[in-house]
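Worksheet: the structure to be examined is printed underneath.
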Amino acid sequence: MSERRALVVGATGQLGPAICRHLRSLGFGLVLAARRPDPLTRLARGLRARALPWDITRDPALLLDLAGPVTLLVNAAVRRPLASDVEDPWSPEGLRRLLEVNAVAPARLVRAFAAQLTEPGLAVLLTEEEPPLSPYAASIAALETMGPALSEGYPLCGVRLVSQTRGPKVNPARTAALVEALVLGLGG
């Protein structure tokens, strides 16, 4: 593959834009995916990137087919409990949705990404730290538990989890630098 290309899922979230700008500065061609089309289109236009409106729970193989060949996958898509979930944050439906978006969908995405690789690739899964004993923390713990097993059976795919402090302390530039270090560790 002549051009280094990255697929960033959740590109319009709190961390996504900084990561996209950083990857562009490193010379990556970008394919950006996010649920909200308007912010996605604006971000993609500013970065000369391709925009794919996408919900992470959809078929990951189709997303990768639409994106074309990539050797870097960054998943910045996360779901937090909504205000409507506050009465019972552990309701079966709320917990099911958190696990689907924060653990199951990223695992499916990594498997589909790894299956399409023809040269070494890297999947970076971003998470946000959360106080323990919350439904969000439970969904992230599930992903972290699966992390080491995600690349098993796919020798060309490395998988790394990057955790960022939540809330006003979130530092998109720091997270982008961590992603850069992982990319450079892969061989630039």
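From a predicted model like this one, the values you see are computed outputs, not experimental measurements. If you read the sequence from its start, that first residue is 1, and numbering goes on from there.
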Quiz prompt | For Pro37, side chain to side chain contact (heavy atoms under 4.5 Å, CB included) partners two or more places apart | solution = Pro53
Practice problem: Can you measure from CG (Leu7) to CG (Leu52) and round to the nearest 0.5 angstrom? | Solution: 7.5 Å
Self-check item: Under the side chain to side chain contact (heavy atoms under 4.5 Å, CB included) test, residues paired with Thr41 that sit two or more places apart
Solution: Arg45
Quiz item: Do Pro60 and Phe113 have side chains that get closer than 4.5 Å, going by heavy atoms?
Solution: no
Quiz item: Can you name the closest pair of heavy atoms from Pro106 and Leu143 and give their distance?
Solution: CB-CD1, 4.0 Å
Practice problem: Under the side chain to side chain contact (heavy atoms under 4.5 Å, CB included) rule, collect the residues that match up with Ala44, sequence neighbours excluded. | Solution: Leu32, Ala49, Ala51
Quiz item: Does Arg111 CZ have over 12 foreign heavy atoms under 6.0 Å away?
Solution: no
Exercise. Could you name each residue pair satisfying side chain to side chain donor-acceptor pair (under 3.5 Å) that touches residues 46-68, not counting sequence neighbours?
Key: Asp55-Thr57
Quiz prompt | Leu150 with Val104, same ILVMFWY side-chain cluster at under 4.5 Å | solution = no
Quiz item: Do side-chain atoms of Gln116 reach the backbone of Val70 as a donor and acceptor pair under 3.5 angstrom?
Solution: yes
Exercise. Evaluate the side-chain proximity of Val124 to Leu73: yes if any heavy-atom separation is below 4.5 Å, no if none is.
Key: no
Quiz item: For Leu23 and Val179, what are the C-alpha separation, side-chain angles and deciding distance, and is it a side chain to side chain contact (heavy atoms under 4.5 Å, CB included)?
Solution: CA-CA 9 Å; Leu23 290 172; Val179 171; 4.3 Å; yes
Quiz item: Is there side-chain contact between Thr175 and Leu126, with heavy atoms separated by less than 4.5 Å?
Solution: yes
Quiz item: Taking all non-hydrogen atoms of both residues, which atom of Ala103 and which atom of Ala142 are closest, and how far apart?
Solution: CB-CB, 4.0 Å
Exercise. Spell out, yes or no, whether Leu109 and Leu156 are grouped together once hydrophobic residues are joined by side-chain heavy atoms under 4.5 Å, including indirect joins.
Key: yes
Distance-only donor-acceptor pairs under 3.5 Å for side chains of residues 15-22, two or more places apart:
unit_1	atom_1	unit_2	atom_2	d
His22	NE2	Glu180	OE1	2.6

Quiz item: What pairs with Ala77 under side chain to side chain contact (heavy atoms under 4.5 Å, CB included), at least two apart in sequence or on another chain?
Solution: Val9, Ile56, Asn75
Quiz item: Are Tyr154 and Val159 side-chain neighbours, meaning at least one heavy-atom pair lies under 4.5 Å?
Solution: no
Quiz item: With a 4.5 Å limit on heavy-atom distance, are the side chains of Thr71 and Arg5 in contact?
Solution: no
Self-check item: Exam field: side chain Arg108 to backbone Ala112, donor-acceptor pair closer than 3.5 Å
Solution: no
